[in-house]
Protein chains: 2
Amino acid sequence: MTAPTRRERLRTATLSEIKDGARRLLVTGGIEAVSLRAIARDMGMTAPAIYRYFPSLEALVVGLAGDLYDELRQEVEAARDRSGPDPAGQLLEMCRALRRWAVGHPAEFTLIFGNPVPGMIEFADGCGDPDHPGARLGAVFLTPFVELTRGRPLPTPPAELLQERLGGHLAPLAANHGPLPIDVAYAFLSAWTRLYGLVAMEVFGHLGWAVDEPEALFETELISQLRQFRPAEPGDALPEGGARH
Amino acid sequence: MTAPTRRERLRTATLSEIKDGARRLLVTGGIEAVSLRAIARDMGMTAPAIYRYFPSLEALVVGLAGDLYDELRQEVEAARDRSGPDPAGQLLEMCRALRRWAVGHPAEFTLIFGNPVPGMIEFADGCGDPDHPGARLGAVFLTPFVELTRGRPLPTPPAELLQERLGGHLAPLAANHGPLPIDVAYAFLSAWTRLYGLVAMEVFGHLGWAVDEPEALFETELISQLRQFRPAEPGDALPEGGARH
DNA sequence: TTGACATAGTAAACGGCGTTCACTCAAATG
DNA sequence: CATTTGAGTGAACGCCGTTTACTATGTCAA
């Protein structure tokens, strides 16, 4: 672990300047505004110079996406750590943090959670690796979720039905995050897809026909969903109890 | 209503040939493969000729998106009509038809339901109009959903809570599809975002870390969701009843 | 200290892109 | 038949990613 030589310092500085420029272009003009020539122009360089740092524009974008995953994960972890020890409260704040980041950084969210641009397809395919930034983000949510649901009956279809329909198809999840009870696995995937659907529809502008304040829908949905995991108490009118009258 | 002149016939033929070419490129190479030059090349024309039919590439893409919305809507309507009169069965088949179309036409689904490409932003913004192709697709789902839930308590948070949190923000929905009971409106939006989340995550490759057969998860989720709207019967173990033991 | 090598950057070029403009030619119109 | 309208062409402009050959400059060993 020796001190970085002068060249190394310059190299890392240039590298982060490239990434910063790429992100600035992403934010201001969307993914299609990110071009090697524009980045180089902003840096007072010529485009081919960037090939000393990235083998292609796609590789640069993939690298940027990895950084964004990490940034989002740190944001979510910070929200969890600010919250108390209650896993339900942690999940609530984590979901809020996810949405806050997505709404505040729509271009960045779009890059990592939207339809994959060319280079991102391989990146998305690689998320079978537990070290993949996407898998690591998922793990942050999974941990308090498992704690929340531990040893508690879940509002899912019966385990036999889950086993029959889903049992043979959860190998990737188990490979990434270890074996899980099937009702926990299903409940987590259900919650995750709901969260994704809400946030993605808002960020992509697919909710404008219905609501003028997507945050209200998000909060309502969040509370409704978390209620389902509260322990049942006598005289406690669970939301879905309405169907029982 | 006179017979179309020769020029008019040629014009509409060329116009649909352009759209066909655009779609072929979309399917084979994704949205970024759709270029005026490529379309014209395939037609044995030069690129500027297309400007006689569309003012820009963006306008062409938006026109294509409108066609795709209509195609998907017709597919969903056909599934509804093939199903029986039971609204729950209709919704089941409609959701399956939506997913089937999305999985079978990932590039087309991505165009209309993914993150908006430049020209699509204005298109998505225009969905406040009931004649907007997106609004019309939503209406097809809303009708049997309203029928299914008519005069029946719904598995939602209490209406007072919904009213407080969501009441003031559903104006666009009411403007597009008329006034709805707030629990019906919320339940529909909740179901719609869940459906979107599931299908979009599958098509965009965001489920590979968890399941190797997204259809199994889709079917499980669909059944679980539709069960919540069945009328409660004595001795009938509803899925969420598991939390009550 | 000097020579060899590795590295960062440049300039020019290739092909592709959307778009504009001036132009041609055939169809429609009177 | 003369005129106007519309479809299509060809050349050009300025973008883009990428490759190639080339030039400095930092690094390091003899």
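Numbers restart at 1 for each chain; the letters A, B, ... are given by sequence-line order, proteins then strands. All heavy atoms count here, side chains included; hydrogens, waters and symmetry mates do not.
Residue-to-nucleotide contacts include a donor-acceptor pair under 3.5 Å from the side chain of Arg52(B) to the base of dG8(D).
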Checklist entry - Run the side-chain hydrogen bond (donor to acceptor under 3.5 Å, both in side chains) check on Trp101(A) and Glu71(A) step by step: do they pass? => result CA-CA 9 Å; Trp101(A) 188 85; Glu71(A) 177 181 315; 3.0 Å; yes
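If you take CG of Asp42(A) and P of dC15(D), they are 13 Å apart, rounded to a whole angstrom.
Ring geometry for Trp192(A) versus Trp209(B): interplanar angle over 60°, hence perpendicular rather than tilted (30 to 60°). The aromatic rings of Phe113(B) and His206(A) sit perpendicular, their planes meeting at an angle over 60°, well past the 30° parallel limit.
Taking only side-chain nitrogens and oxygens, Arg41(A) comes nearer than 4.0 Å to OP1 or OP2 of dC16(D). Between Thr46(B) and the phosphate of dG10(D), there is no side-chain N or O to OP1/OP2 separation shorter than 4.0 Å. An OP1 or OP2 oxygen of dG9(C) is reached within less than 4.0 angstrom by a side-chain nitrogen or oxygen of Tyr53(A). The shortest distance between the side-chain N/O atoms of Tyr51(A) and the OP1/OP2 oxygens of dT19(D) is not below 4.0 Å. Residue Arg11(B) places at least one side-chain N or O under 4.0 Å from the OP1 or OP2 atom of dA7(D).
Mapping Thr14(A) and Leu36(B) onto DNA chain C by nearest heavy atom places Thr14(A) at the nucleotide closer to the 5' end.
Side chains of Ser83(B) and Gln90(B): no donor on one and acceptor on the other come within 3.5 Å.
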